[in-house]
> 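Just dropping this structure here.
Throughout, protein chains are lettered first and strands after them, A, B, ... in sequence-line order, and every chain is numbered starting at 1. Given the structure is predicted, the values throughout are model-derived calculations rather than measurements.
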Protein chains: 2
Amino acid sequence: MRGVNARCPPRAASGAAPPDTSFLESLIGYNARRAALAIIARVLPTLQPHDLRVVEFSVLTVIAHNPGITSRQVCAALDILPPNLVGLLRRLERRGLVEKRAHPGDRRAQSLYVTALGAQVQRQAQDAVAAVETDEATHLSAAERATLIALLRRIYQGNGAGTTR
Amino acid sequence: MRGVNARCPPRAASGAAPPDTSFLESLIGYNARRAALAIIARVLPTLQPHDLRVVEFSVLTVIAHNPGITSRQVCAALDILPPNLVGLLRRLERRGLVEKRAHPGDRRAQSLYVTALGAQVQRQAQDAVAAVETDEATHLSAAERATLIALLRRIYQGNGAGTTR
DNA sequence: TATTGTTATACTCTATAACTATA
DNA sequence: TATAGTTATAGAGTATAACAATA
């Protein structure tokens, strides 16, 4: 018997009943990824006026909050591979948002600083991102926000075993 | 005076003090992304023996749980763009895990099914992923898991506005 | 006219190997 | 010998435009 869809169409085929994704929805990884993508989709238009992509904003923020930080440390903090940071920093430097200075004490390294313009752009972008994150994107209470962030942090910080990279 | 790091090195330069990432860590998007990447890093080696990537596992799972589903519906469920699903399905088909059949009622579409082998591989992979997710990767209690997933789901499902794609 | 599946293509993101200069 | 920064490059992943067949 082909017995397919006399009156009970293979739910998959109907436009009405959404497909069963219950297993995937039981996974933290799946939900975390979907949530991250949803939030990033909201943050993107916020950063667009500043001509910043998400990673660029992250790097700019870390440099602004840690004057004199090295490339290597930015990579470690944000889990970026060194070769991929090079072009990113070059763009920020060309736009006059970041500058490199000689590192005191290690001539291999270089200290990173935001310029006055870079600091201004970062501040504006940070305020805009914070607003979107807390208000529009997620209608969670402050307590729920705190709970969520604490749980997420336990996942990617909690265990001793290193990441794959 | 070069006055650098006699005893108080510019925290950025020292290998000891970790850089300040407090702002980024206050963002749900940042934490969700880091958590998702950390979990995926754990899941990858679990799927490797089955020669499945994460997206392939997701697609295989949705097809297994929704026999007769169409490409378009898989795309909608997993937020995959149709052109990107084509090659993915082709690989799964060539490996004998998935098969396409004529769709009853719409000759444009095609119904997707897992083969016996596909069902077996999917089951094994699902068990392995579930084990990693609940045990090793995240040491959360069942209650914490449930809370986390509920909060995450509210972020990417809760609001009416569609995603960017 | 709209939709399904598809091709071709481009752009971003991420990853690896290897080089240089310093330590 | 190891590390910081860099180059070149490869591979995922994700995006858009356009087409044929069907609704």
Side-chain angles (χ1 to χ4, degrees), chain A residues 12-15 33-34 36-38 40-41 44 47-48 51-59 63 68-93 98-112 163-165, chain B residues 4-5 12-15 19 33-34 36-38 40-41 43-44 47-48 51-59 63 68-93 98-112 163-165:
Chain A
S14 86
R33 193 177 121 84
R34 295 293 298 252
L37 289 176
I40 287 175
L44 277 181
L47 292 177
Q48 200 164 355
D51 194 17
L52 287 175
R53 286 172 302 173
V54 175
V55 200
E56 291 174 331
F57 168 69
S58 300
V59 170
I63 296 175
I69 194 173
T70 68
S71 289
R72 215 68 187 194
Q73 291 173 308
V74 172
C75 286
L78 297 180
D79 210 356
I80 298 175
L81 291 172
N84 297 329
L85 185 63
V86 175
L88 208 157
L89 278 181
R90 187 150 42 207
R91 270 197 308 280
L92 294 178
E93 212 179 350
V98 164
E99 66 178 12
K100 299 176 179 175
R101 299 185 203 159
H103 183 101
D106 189 338
R107 285 188 308 182
R108 294 172 303 182
Q110 47 202 0
S111 302
L112 300 172
T163 64
T164 287
R165 307 194 190 171
Chain B
V4 178
N5 54 0
S14 87
R33 195 178 118 83
R34 295 293 297 254
L37 289 175
I40 287 176
V43 166
L44 276 181
L47 291 178
Q48 200 164 354
D51 194 16
L52 287 175
R53 286 173 303 173
V54 175
V55 201
E56 291 173 332
F57 168 70
S58 300
V59 169
I63 296 175
I69 194 172
T70 68
S71 289
R72 215 67 185 194
Q73 291 174 309
V74 172
C75 286
L78 297 179
D79 211 354
I80 297 175
L81 291 172
N84 298 329
L85 185 62
V86 176
L88 208 157
L89 278 181
R90 186 151 41 208
R91 271 196 307 280
L92 294 179
E93 212 180 351
V98 163
E99 65 178 13
K100 299 176 179 174
R101 298 187 204 158
H103 183 103
D106 188 338
R107 287 187 308 182
R108 294 173 303 179
Q110 47 202 359
S111 301
L112 300 172
T163 66
T164 288
R165 305 198 190 164

> Please report the distance, rounded to the nearest Å, between CG in A:L81 and C1' in C:dT12.
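Checked: the CG to C1' distance equals 15 Å.
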
> To the nearest Å, give me how far apart CD1 (B:I69) and P (C:dG5) are.
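Taking atom P of C:dG5 as the reference, CD1 of B:I69 is at 10 Å.
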
> With respect to the phosphate group of D:dA23, does any side-chain polar atom (N or O) of B:R107 fall under 4.0 Å of OP1 or OP2?
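It does, given that an N or O in the side chain of B:R107 lies less than 4.0 Å from OP1 or OP2 of D:dA23.
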
> Could you walk me through whether A:V55 and A:N84 pass the side chain to side chain contact (heavy atoms under 4.5 Å, CB included) check?
CA-CA 11 Å; A:V55 200; A:N84 297 329; over 6 Å; no

> Within this structure, what is the CD1-to-P distance between B:I40 and C:dC13, rounded to whole angstrom?
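In whole Å, C:dC13 P and B:I40 CD1 are 16 Å from each other.
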
> With side chain to side chain contact (heavy atoms under 4.5 Å, CB included) as the criterion, how do B:L44 and B:Q48 come out once you've worked through the C-alpha distance, each side chain's angles and the decisive distance to 0.1 Å?
CA-CA 6 Å; B:L44 276 181; B:Q48 200 164 354; 5.9 Å; no

> What closest approach, in Å, do B:L81 and B:C75 show between heavy atoms, and which atom pair accounts for it?
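Answer, listing the atom of B:L81 first, then B:C75: C-SG, 4.0 Å.
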
> Rounded to the nearest angstrom, tell me the gap between atom CZ in A:F57 and atom P in C:dC13.
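Roughly 16 Å, once rounded to whole Å.
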
> In this structure, how many angstroms lie between the C1' atom of C:dT12 and the CG atom of A:L88, rounded?
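One finds 12 Å between C1' of C:dT12 and CG of A:L88, rounded.
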
> Using a 4.0 Å heavy-atom cut-off to protein, can you give one letter per nucleotide of nucleotides 2-9 of chain D, 5' to 3': B if the base is in contact, S if only the sugar-phosphate is, - if neither?
BBBBBBB-

> With side chain to side chain contact (heavy atoms under 4.5 Å, CB included) as the criterion, how do B:T70 and B:Q110 come out once you've worked through the C-alpha distance, each side chain's angles and the decisive distance to 0.1 Å?
CA-CA 6 Å; B:T70 68; B:Q110 47 202 359; over 6 Å; no

> Please step through side chain to side chain contact (heavy atoms under 4.5 Å, CB included) for the pair A:I63 and A:L89, ending with a clear verdict.
CA-CA 11 Å; A:I63 296 175; A:L89 278 181; 3.9 Å; yes

> Please give me the minimum heavy-atom distance between B:E56 and B:D51, naming the atom from each residue.
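Closest approach of B:E56 to B:D51: OE1-O, 3.9 Å.
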
> In whole angstroms, how far is the C1' atom of D:dG11 from the CD atom of B:E56?
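These atoms are roughly 14 Å apart.
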
